[in-house]
A.B. asks: 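Have a look at this one.
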Amino acid sequence: DFAILLVRAFKLESDNTENFSDVSDSDYFAKELAIARNEGIVGGIGDNKYAPQNNITRQDMMVIVYRTLSTLGVELKVADVSYDDFADVADYAKDAVKALINAGLVNGKNGKIAPTDYTTRAEVAVLLKRILDYTSK
């Protein structure tokens, strides 16, 4: 659902409709997920699978946002951040986490990054608003 929000919010399009093997053409998210995949915004979990019913972690949310902004040509500064749990961030997500925190798009959660916590709907709503405001400057 998070990928759907970003694809629709930024009106992303792709002629390529190739999707993940665990996504059916009849799934309500199939079109947007194919666009996100083909734009390089989402990469899946391996073996051509996405696991679309899984919850999304905060670090994965940040990676998807970072890739979306990169696709849109928005450059973000990747600089060190000072959170006690930054070492818990997966290697693939470190640049995204740094960039979004430095841009002010993501704040900590109770003083931590909490990278493996599942993202809440409230966090998604706040982040989407911040992204839209940031990109409309």
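We use all heavy atoms of the structure for the numbers below, so side chains are in, but hydrogens, waters and symmetry mates are not. Numbering starts at 1 and runs along the sequence shown.
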A.B. asks: Given Arg130, which of Asn107, Val106, Leu100, Thr135 fulfils the side chain to side chain contact (heavy atoms under 4.5 Å, CB included) condition?
C.D. replies: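 Only match with Arg130 under side chain to side chain contact (heavy atoms under 4.5 Å, CB included): Asn107.
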A.B. asks: Look up atom OG1 in Thr120 and atom OH in Tyr118, then write down how far apart they are to the nearest 0.5 Å.
C.D. replies: 14.0 Å
A.B. asks: Determine, for Phe20 and Arg37, whether the Lys NZ or Arg CZ falls below 6.0 Å from the six-membered ring centre while staying within 45 degrees of the axis.
C.D. replies: yes
A.B. asks: I need the minimum non-hydrogen distance between Gly44 and Tyr50, along with the two atoms involved.
C.D. replies: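 Looking at all heavy atoms of both residues, the closest pair is CA-CD1, 3.7 Å.
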A.B. asks: Kindly compute the distance separating CZ (Phe2) from CD (Glu123), expressed to the nearest 0.5 Å.
C.D. replies: 10.5 Å
A.B. asks: Going from CG on Asp22 to CG on Asn48, what distance comes out if it is rounded to the nearest 0.5 angstrom?
C.D. replies: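 Separation between the atoms: 8.0 Å.
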A.B. asks: Please report the shortest heavy-atom distance between Lys94 and Phe86, naming the atom on each side.
C.D. replies: NZ-O, 3.5 Å
A.B. asks: Any chance the side chains of Tyr92 and Asp60 put a donor and an acceptor closer than 3.5 Å?
C.D. replies: yes
A.B. asks: Using side-chain heavy atoms (C-beta onward) and a distance below 4.5 Å, is Arg58 in contact with Thr116?
C.D. replies: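 No, too far: nothing below the 4.5 Å cut-off.
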A.B. asks: Would Val74 end up clustered with Val65 when hydrophobic side chains under 4.5 Å apart are linked, directly or stepwise?
C.D. replies: yes
A.B. asks: Going hydrophobic residue to hydrophobic residue with side-chain gaps under 4.5 angstrom, can you get from Ile101 over to Val126?
C.D. replies: no
A.B. asks: Considering only heavy atoms from C-beta outward, does the side chain of Pro115 approach that of Asp85 to under 4.5 Å?
C.D. replies: yes
A.B. asks: Could you tell me the separation between the OG1 atom of Thr71 and the CD1 atom of Ile35, rounded to the nearest 0.5 Å?
C.D. replies: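 One gets 12.0 Å once the value is rounded to the nearest 0.5 Å.
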A.B. asks: Quickly, which of Asn38, Leu72, Leu6 forms a side chain to side chain contact (heavy atoms under 4.5 Å, CB included) with Leu12? Name it, please.
C.D. replies: Leu72
A.B. asks: According to a hydrophobic-cluster definition based on side-chain heavy atoms being under 4.5 Å apart (Ile, Leu, Val, Met, Phe, Trp, Tyr only), do Ile45 and Ile41 belong together?
C.D. replies: no
A.B. asks: Hydrophobic clusters here meaning ILVMFWY residues chained together by side-chain heavy-atom distances under 4.5 Å, can you tell me if Tyr134 and Val63 are in one?
C.D. replies: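 Tyr134 and Val63: separate clusters.
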A.B. asks: Would you say the side-chain atoms of Tyr83 and Asp88 include a donor-acceptor pair closer than 3.5 Å?
C.D. replies: no
A.B. asks: Go through it in stages, so that I can follow the logic: the residues are Ile4 and Leu33, the test is side-chain contact (heavy atoms from CB on, under 4.5 Å), and I'd like the CA-CA distance, side-chain angles, deciding distance and then a yes or no.
C.D. replies: CA-CA 7 Å; Ile4 292 171; Leu33 195 55; over 6 Å; no
A.B. asks: When rounded to the nearest 0.5 angstrom, what is the spacing between OG1 in Thr119 and CE in Met62?
C.D. replies: 7.5 Å
A.B. asks: For Ile64 and Val42, what are the C-alpha separation, side-chain angles and deciding distance, and is it a side-chain contact (heavy atoms from CB on, under 4.5 Å)?
C.D. replies: CA-CA 6 Å; Ile64 292 170; Val42 296; 3.9 Å; yes
A.B. asks: With side-chain contact (heavy atoms from CB on, under 4.5 Å) as the criterion, how do Leu5 and Asp1 come out once you've worked through the C-alpha distance, each side chain's angles and the decisive distance to 0.1 Å?
C.D. replies: CA-CA 6 Å; Leu5 289 172; Asp1 288 344; 5.7 Å; no
A.B. asks: What heavy-atom pair brings Glu39 and Ser14 nearest, and what distance separates the two atoms?
C.D. replies: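 The pair with the smallest heavy-atom distance is OE2-CB, 4.1 Å.
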A.B. asks: Which pair of heavy atoms, one from Tyr66 and one from Ala99, lies closest together, and at what distance?
C.D. replies: CE1-CB, 3.5 Å
A.B. asks: Ignoring hydrogens and angles, state whether a donor on the side chain of Asp27 or Ser24 is under 3.5 Å from an acceptor on the partner side chain.
C.D. replies: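 Looking only at side-chain atoms, Ser24 and Asp27 do not form any donor-acceptor pair under 3.5 Å.
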A.B. asks: Taking all non-hydrogen atoms of both residues into account, name the closest pair between Asn16 and Glu18 and its distance.
C.D. replies: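 Heavy atoms only, the tightest pair is OD1-N, 2.9 Å.
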A.B. asks: What heavy-atom pair brings Asp117 and Lys109 nearest, and what distance separates the two atoms?
C.D. replies: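 Smallest heavy-atom distance, with atoms named: OD2-NZ, 3.2 Å.
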